[in-house]
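Structure in structure tokens, see below.
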There are 2 protein chains.
Amino acid sequence: MQSRTPASRTGRPRSTAADAAILAATRQALVELGWSRLTLGDVAVRAGVAKTTVYRRWAGKNELVVDAVAELFDELCVPDRGSLAADIEGVVLQFAAILARPEARSGLMAVVAEATRDDALRERIRASIVDRQKRLVLAGRARAQARGELPAEADVDRAARTVDLIFDMVAGAVVHRTLVSAEPADEEWVHGFTRVLLSGLASAGSA
Amino acid sequence: MQSRTPASRTGRPRSTAADAAILAATRQALVELGWSRLTLGDVAVRAGVAKTTVYRRWAGKNELVVDAVAELFDELCVPDRGSLAADIEGVVLQFAAILARPEARSGLMAVVAEATRDDALRERIRASIVDRQKRLVLAGRARAQARGELPAEADVDRAARTVDLIFDMVAGAVVHRTLVSAEPADEEWVHGFTRVLLSGLASAGSA
DNA sequence: GTGCTTTCGCTACGAGTCGTAGCGTAATGC
DNA sequence: GCATTACGCTACGACTCGTAGCGAAAGCAC
């Protein structure tokens with residue numbers, strides 16, 4: 001997961017079951033204890049492994065929680081709902097559903113906070129969580145272009161900035177709604193948000 | 001600040017200078033150490049007070065950091081730049097400037113993460129930070145209505161939902177851009193964001 | 001099978017932080 | 001002066017941290 005040693009063919013291999021058990025135990029501990037009260041010793045007990053085993057695989061609490069939370073985003077995909085607006089609503093609803101889970105709420109914000117002072121951790125979050133989300137934006141745009149709802153971008157640089165802007169707006173709004181305003185990103189909210197975002201992109205893009 | 005005892009007229013009064021020193025020391029510690037390595041004992045030493053004095057005034061690290069970060073948002077105001085778009089850009093740039101400061105980056109996300117499992121803490125954040133920001137949205141809308149750029153809302157309930165949506169979109173996008181994407185919310189970005197947001201609100205609102 | 005290598009579980013350890021209690025002193029209102 | 005509260009200081013048990021050391025287990029090469 002984090003210490004790939006492709007050259008090591010000999011010796012006892014690491015238990016993949018232990019990896020899964022530790023990550024699952026981490027999520028369970030996040031639900032029951034939250035970030036601050038989560039200890040690696042407790043995770044080890046829940047996973048049924050020794051504390052030293054956890055430390056051999058992860059450098060610390062930050063990295064462990066990033067990997068545990070990242071698995072939650074594996075299920076994200078772009079559903080084909082027929083139109084760009086409906087596709088976006090579908091993705092946003094999926095994202096909101098993940099953020100509604102307590103293990104994501106507690107863990108995600110905490111590691112982002114830690115990442116403000118740890119470049120390596122931020123890079124790890126980017127690689128295992130953010131990029132996985134950003135891929136959805138690209139996939140959705142490609143599908144919309146195939147449908148003819150969006151024109152093929154002429155300026156590559158400008159298109160990249162637009163994708164980044166969309167991503168920050170979508171992820172940021174859902175996270176803020178869910179975690180700061182502490183109100184559900186339900187279908188009604190997502191519908192209103194998507195309408196503003198899409199008409200804004202259409203108007204500002206044509207202007 | 002947090003333990004108002006208006007009935008206590010007798011006895012030695014609490015030093016207001018100590019309050020300010022502790023909050024300033026907390027922000028300094030956030031800059032130098034970040035959230036996870038910040039300890040109340042260290043804050044006490046920096047502030048030049050005894051550790052017990054800190055514990056007498058704040059229940060714990062969470063509450064202390066909320067109050068310390070909240071003071072950063074005191075300077076927020078709605079500048080009169082002549083148009084709704086320019087006003088919004090001004091506010092967003094102010095918000096981005098605060099989030100660019102390390103004591104805000106480290107502290108804000110951490111307490112939001114803790115608040116996912118602590119209703120009292122979330123209420124404290126709402127009262128001392130979020131509401132202070134949301135007031136800007138209301139002030140900006142009032143000024144735009146006075147200018148005639150926005151119509152007076154007919155449906156009060158719908159208007160309230162719109163304000164909440166705008167607030168989540170603005171704050172969420174800036175936070176995500178700054179902390180997750182780790183790129184500056186500079187004038188160029190803010191300009192593009194504001195254009196999408198405003199044209200989206202105009203189109204979706206008229207539809 | 002025999003070895004070599006690496007992982008595993010377990011125990012123990014010093015270091016550091018936590019939040020609190022106790023004490024004498026300082027500062028205010030009556 | 002007296003009651004009351006805040007302050008600085010010290011000390012304390014409890015807890016978590018991350019690491020080291022050990023013997024046993026599980027693979028792979030031969």
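A, B, ... follow the sequence lines: proteins, then strands. Residue 1 opens every chain. Quantities reported herein were computed from a predicted structural model and do not represent experimental measurements.
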Looking only at side-chain N and O atoms, does B:Thr53 come under 4.0 Å of OP1 or OP2 in D:dG8?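 It does, given that an N or O in the side chain of B:Thr53 lies less than 4.0 Å from OP1 or OP2 of D:dG8.
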
Could you tell me if the side chain of A:Val170 sits less than 4.5 Å from the side chain of A:Phe193, heavy atoms only? yes

Can you measure A:Leu33 atom CG to D:dC15 atom P for me and round it to whole angstrom units?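 Atom-to-atom, A:Leu33 to D:dC15, this comes out as 15 Å.
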
For B:Leu197 and A:Val196, work out which heavy atoms get closest and say how close.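 The pair with the smallest heavy-atom distance is O-CG1, 4.3 Å.
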
Atom pairs, protein N/O to nucleotides 18-25 of chain C N/O, distance under 3.5 Å:
residue : atom : partner : partner atom : Å
C:dG19  : OP2  : B:Tyr55 : OH           : 2.6
C:dG19  : N7   : B:Lys51 : NZ           : 3.4
C:dG19  : O6   : B:Lys51 : NZ           : 3.1

Could you check whether A:Glu153 and A:Gln145, counting side-chain N and O atoms only, form a donor-acceptor pair closer than 3.5 Å?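 A donor-acceptor contact under 3.5 Å links the two side chains.
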
Side chain to side chain, B:Met109 and B:Val175, heavy atoms closer than 4.5 Å: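 Result yes, sub-4.5 Å side-chain heavy-atom pair found.
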
Please tell me which of B:Arg37 and B:Pro13 maps to the more 5' nucleotide of DNA chain C, matching each residue to the nucleotide holding its nearest heavy atom. B:Arg37

Sequence neighbours left out, what passes side-chain hydrogen bond (donor to acceptor under 3.5 Å, both in side chains) with B:Asp155? Give chain and number order. none

Short side-chain donor-acceptor distance under 3.5 Å, B:Glu149 and B:Ser83: no

Gap between atoms CZ and C1', on B:Arg14 and D:dG8 respectively (whole Å):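 Taking atom C1' of D:dG8 as the reference, CZ of B:Arg14 is at 15 Å.
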
